[in-house]
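Numbering of ligands and ligand atoms starts at 1, following listing order. Model, not experiment: these values are computed from the prediction.
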Amino acid sequence: MIVRTLQEVVGTDDDVSAPGWNSRRLLLAKHGMGFSMHDTLIEAGAELDLWYKNHLEAVYCIEGEGELESRVTGQKWPIAPGTIYALNENDKHTLRATTQLRMVCTFNPPVTGREVHDADGAYALPDGE
Ligand code: 9YT
């Protein structure tokens with residue numbers, strides 16, 4: 001059994017920041033679950049162009065207000081507490097935070113630790129995958 005708290009993760013190597021966001025990585029590849037789970041804060045005013053071409057990601061909003069736009073179809077959705085979106089087709093998308101967003105993010109395959117976005121808005125896979 002694995003039990004961790006947000007408090008234990010904050011300020012460690014599993015607490016990763018990049019422009020516009022801060023991801024507290026609660027479960028990672030090293031935990032052997034087959035997915036990772038993050039408690040992520042997106043800064044108010046941030047606009048993130050993302051394309052997780054190597055991962056499937058689901059994102060559940062628990063705090064804040066924002067907007068999600070598909071860069072495939074142009075469709076837009078409001079993001080608010082209680083809304084989940086799943087990038088089941090590795091969809092290119094833009095996430096806009098009107099206020100600070102707090103999101104529970106899960107990745108399959110799991111993120112290994114320190115990943116930040118590349119120029120496409122993707123996370124690389126570990127070498128050899
Ligand atoms: C919602 C989203 O993709 N935000 C960027 C950070 C990422 N989800 C993470 O690593 O927690």
Check: T112 side chain to A29 main-chain N or O, any donor-acceptor pair under 3.5 Å?
Finding: no

Checklist line | R24 side chain to D39 backbone, donor-acceptor under 3.5 Å | finding: yes

Checklist line | Y85 touching ligand 1 at heavy-atom level, < 4.0 angstrom | finding: yes

Margin query: Using a 4.0 Å cutoff against the non-hydrogen atoms of S23, which atoms of ligand 1 qualify?
Written below: 9 (C), 10 (O), 11 (O)

Check: Taking the non-hydrogen atoms of E57, is any one of them nearer than 4.0 angstrom to ligand 1?
Finding: yes

Item checked: Non-hydrogen atoms of Y123 and N54 that approach each other most closely -> O-ND2, 2.9 Å

Check: Which of the listed options, W21, Y123, Y60, holds the heavy atom that is closest to atom 10 (O) of ligand 1?
Finding: Y123

Item checked: Test item: S23 side-chain N/O and R25 main-chain N/O as donor-acceptor pair under 3.5 Å -> no

Check: Do the ring planes of H93 and Y52 sit parallel (below 30°), tilted (30 to 60°) or perpendicular (above 60°)?
Finding: tilted

Next item on the list: Take L95 and Y85 through the side-chain contact (heavy atoms from CB on, under 4.5 Å) test and state the conclusion after the steps.
Entry: CA-CA 11 Å; L95 179 62; Y85 62 89; 3.6 Å; yes

Item checked: Which of the ligand 1 atoms, numbered from 1, are nearer than 4.0 Å to a heavy atom of F107 -> 8 (N)

Check: Does one hydrophobic cluster hold both L28 and F107, with members joined at side-chain heavy-atom distances below 4.5 Å?
Finding: yes

Check: Can you list the ligand 1 atoms lying under 4.0 Å from a non-hydrogen atom of L50?
Finding: 2 (C), 3 (O)

Item checked: Exam field: side chain D120 to backbone L50, donor-acceptor pair closer than 3.5 Å -> no

Checklist line | Closest protein heavy atom to atom 5 (C) of ligand 1, given as residue, atom name and distance to 0.1 Å | finding: Y52 OH, 3.5 Å

Notebook entry, point to check: Which ligand 1 atoms, with their elements, are less than 4.0 angstrom from a heavy-atom of L95?
Noted result: 1 (C)

Next item on the list: Just need the protein heavy atom nearest to atom 11 (O) of ligand 1, so name the residue and atom and give the distance.
Entry: T40 OG1, 2.6 Å

Notebook entry, point to check: With a 4.0 Å cut-off on heavy atoms, is I42 touching ligand 1?
Noted result: yes

Notebook entry, point to check: R25 heavy atoms, cut-off 4.0 Å: which ligand 1 atoms fall inside?
Noted result: 9 (C), 10 (O)

